[in-house]
Amino acid sequence: MNGKKFVMKNLQSHVFVHDNLLADLYSLTLNNIYVDKIDNEYYLVNKKRGRNYQVGLRAKIPNKFLPVGKDYNELTTEKKKEIFEALKDRLYFTNIEILFTNILLSKYMKLSQKKFDISFKEIEKKYRINSRVTGSQISQSNYKRYIETINKLVDKELFLKTNGNFRDKQYGVRNLDFNQPFLTLFNPYHYKKNNIVFSYSFGRFGEVLKLSRRYSNIIPRSAFCCRLNQSVLHSIYYFLGREIFWEKFHLKKIYGANSTRANFFELDISKLSYLVQSNTKDSYGYSIGQKINILEKQANKSRDYRRFIKNINKALTQFKEEGIIADFDLEFIVNETEEFERKHEFDYDEQGNFMYIFNIDDISKDIDVKITIRLEPAISYS
């Protein structure tokens, strides 16, 4: 990236971090948990390896589950399952945790000072503008969810290892090896009803994100405005925006800022489905792709896939309306099985031409969709 910093012309807009280090944390799922012994202590570990780095989350197994001197491998299967259930929330990010992290990072990345305040009310009014608020007061249910979510972020412990070839030398993020709380709070206090003011830090990890300069305001402000129980939409905004960001960057790098060559790409829907966390209680800790293809019963696969495509369509519509992309197209791919032909037997004309116009609600085991995104205009750089 040649050390160039992305232009944020409107400092009132929201900043999103597109860094692989953060995206890898967001896409961790519970199917890759393993046990490791670190400094004579047992941990559950969940990590991803990238080019010249490792990043992940870990949770120390408390002595109440594993007395000092006791070997983990000596435990019963039931005891191991009990440990997993007790610690699993520390080893992945739910969609609402991703939403709150992105809110906190948006303010963090724009400010040079290390200490600053934010409040629940600021989060509600400045970021989650479309949320339902009674007057100027945060609802009791949202207040409880805010506390629960922030506390879960504080409980997580991350680790990062980079080698001597990680990114360009000028970034100053090579040869790192540290672990830390994912989020640290300072001086929290209550200010009026259902509102808490606090300072916070992302520690050395936050410094790495700042030094690496992989952030922009390319994602619509509306990405923060989803309801808490629909926060999966925020994650779809995030990963879509990240994909668009890098496609635009490579377009400019290869062809120049004013080029219209190769200014479109086909969205890899399957890849996206394995990045975005599922938002249903029976599949917390697993991706939408895992839910659809592994966990879900056959009868519900098409329903869940349709819902996913509808959310992608909703997000891309907003990207288009805000001029971040030029346009996008949904092309329906049909497998004309006997069952399909029976269902649509009256949708052919006398010459055998198929006359039916598909929409997302028609998606089934016989009908899929291809999404093409046109990127013009290109992203702005300094």
Side-chain angles (χ1 to χ4, degrees), residues 22-50 54-101 144-145 147-161 179-183 205 228-229 231-232 235 270 273-301 303-305 307-308:
L22 183 66
D24 281 353
L25 289 176
Y26 286 170
S27 59
L28 289 171
T29 57
L30 294 176
N31 60 313
N32 292 318
I33 305 298
Y34 67 95
V35 177
D36 196 9
K37 196 172 186 179
I38 305 169
D39 297 328
N40 292 318
E41 301 280 6
Y42 282 101
Y43 287 79
L44 295 188
V45 180
N46 198 4
K47 73 177 180 182
K48 289 203 172 181
R49 295 178 182 268
Q54 298 178 36
V55 67
L57 300 174
R58 70 185 200 181
K60 181 180 175 298
I61 299 177
N63 289 339
K64 68 177 181 179
F65 293 115
L66 186 64
V68 177
K70 182 80 170 180
D71 191 282
Y72 177 84
N73 295 318
E74 298 174 359
L75 299 179
T76 64
T77 301
E78 290 75 16
K79 196 66 176 180
K80 290 177 181 179
K81 183 177 180 180
E82 183 183 355
I83 292 171
F84 176 80
E85 290 298 322
L87 300 181
K88 66 180 182 180
D89 286 353
R90 301 183 184 186
L91 298 170
Y92 76 100
F93 288 81
T94 64
N95 289 305
I96 189 172
E97 289 167 5
I98 292 171
L99 168 62
F100 271 73
T101 299
K144 289 181 178 179
R145 292 294 299 277
I147 292 176
E148 176 186 298
T149 302
I150 296 295
N151 284 340
K152 285 188 175 182
L153 293 177
V154 170
D155 284 342
K156 298 185 196 302
E157 180 183 356
L158 75 81
F159 61 88
L160 174 64
K161 295 181 182 180
N179 56 280
Q180 63 163 80
F182 179 72
L183 178 70
F205 184 69
L228 297 183
N229 62 356
S231 52
V232 64
S235 294
S270 178
S273 75
Y274 279 92
L275 293 173
V276 177
Q277 296 286 342
S278 176
N279 214 41
T280 55
K281 291 182 179 180
D282 61 342
S283 56
Y284 282 157
Y286 298 92
S287 68
I288 289 176
Q290 290 169 322
K291 183 176 189 292
I292 292 173
N293 297 310
I294 301 172
L295 304 176
E296 189 58 274
K297 295 179 180 179
Q298 184 65 42
N300 297 325
K301 290 180 184 291
R303 180 200 63 190
D304 290 336
Y305 187 60
R307 184 183 297 119
F308 181 52

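Basis for what follows: all heavy atoms, side chains included, without hydrogens, waters or symmetry-related copies. What you see is a predicted model, and the numbers here were worked out from it, not measured in a lab.
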- Query: Out of curiosity, Glu97 CD to Leu183 CG, how far, rounded to the nearest 0.5 Å?
  - Reply: 11.0 Å

- Item | Closest non-hydrogen atom pair between Ser235 and Val276, with its separation | CB-CG1, 4.0 Å

- Message: Going by the rule salt bridge (charged side-chain N to carboxylate O under 4.0 Å, His left out), which residues pair with Lys48 if we only count those two or more places apart in sequence or in a different chain?
- Response: none

- Step by step, work out the side-chain contact (heavy atoms from CB on, under 4.5 Å) result for Ile288 and Arg307. CA-CA 10 Å; Ile288 289 176; Arg307 184 183 297 119; over 6 Å; no

- Note on the structure: Residues pairing under ring pair (Phe, Tyr, Trp, His ring centres under 6.0 Å) where one sits in residues 30-49, two or more places apart or in two chains, turn out to be none

- Query: Looking at Pro181 and Val154, what are the two nearest heavy atoms and their distance?
  - Reply: CB-O, 4.4 Å

- Message: Apply side-chain contact (heavy atoms from CB on, under 4.5 Å) to residues Asn31 and Ile294 and explain how you reach the verdict.
- Response: CA-CA 11 Å; Asn31 60 313; Ile294 301 172; over 6 Å; no

- Message: Do the side chains of Asp155 and Lys152 get close enough for a salt bridge, i.e. N-O under 4.0 angstrom?
- Response: no

- Task: Hey, could you give me the CG/CD1 distance between Leu28 and Ile33, rounded to the nearest 0.5 Å?
- Result: 7.5 Å

- Query: How about Lys60: does its NZ atom have over 12 heavy atoms from other parts shown lying under 6.0 Å from it?
  - Reply: yes

- Message: Using a strict threshold of under 4.0 Å (side-chain N to carboxylate O), is an ion pair present between Glu82 and Lys79?
- Response: yes

- Given side-chain hydrogen bond (donor to acceptor under 3.5 Å, both in side chains), test Asp89 with Tyr284 step by step and report yes or no. CA-CA 9 Å; Asp89 286 353; Tyr284 282 157; over 6 Å; no

- Item | Heavy-atom closest pair, residues Phe65 and Ala86 | CZ-CB, 3.7 Å

- Task: Give every residue pair that meets the ring pair (Phe, Tyr, Trp, His ring centres under 6.0 Å) criterion with at least one member in residues 71-98, sequence neighbours excluded.
- Result: Tyr26-Phe93, Phe93-Phe182

- Task: Compare all side-chain heavy atoms of Ile83 with those of Val35 and state whether any distance is below 4.5 angstrom.
- Result: no

- Query: Just how far is it from atom OG of Ser283 to atom NZ of Lys291, taken to the nearest 0.5 Å?
  - Reply: 5.0 Å

- Item | Exercise: identify the closest heavy-atom pair between Thr29 and Asn46 | O-ND2, 3.1 Å

- List the steps and the verdict of side-chain contact (heavy atoms from CB on, under 4.5 Å) for Asp304 and Phe308. CA-CA 6 Å; Asp304 290 336; Phe308 181 52; over 6 Å; no

- Item | Check against side-chain contact (heavy atoms from CB on, under 4.5 Å), Thr149 and Leu99 | CA-CA 10 Å; Thr149 302; Leu99 168 62; over 6 Å; no

- Note on the structure: Between Leu158 and the options Lys47, Arg58, Gln180, the side-chain contact (heavy atoms from CB on, under 4.5 Å) test singles out Gln180

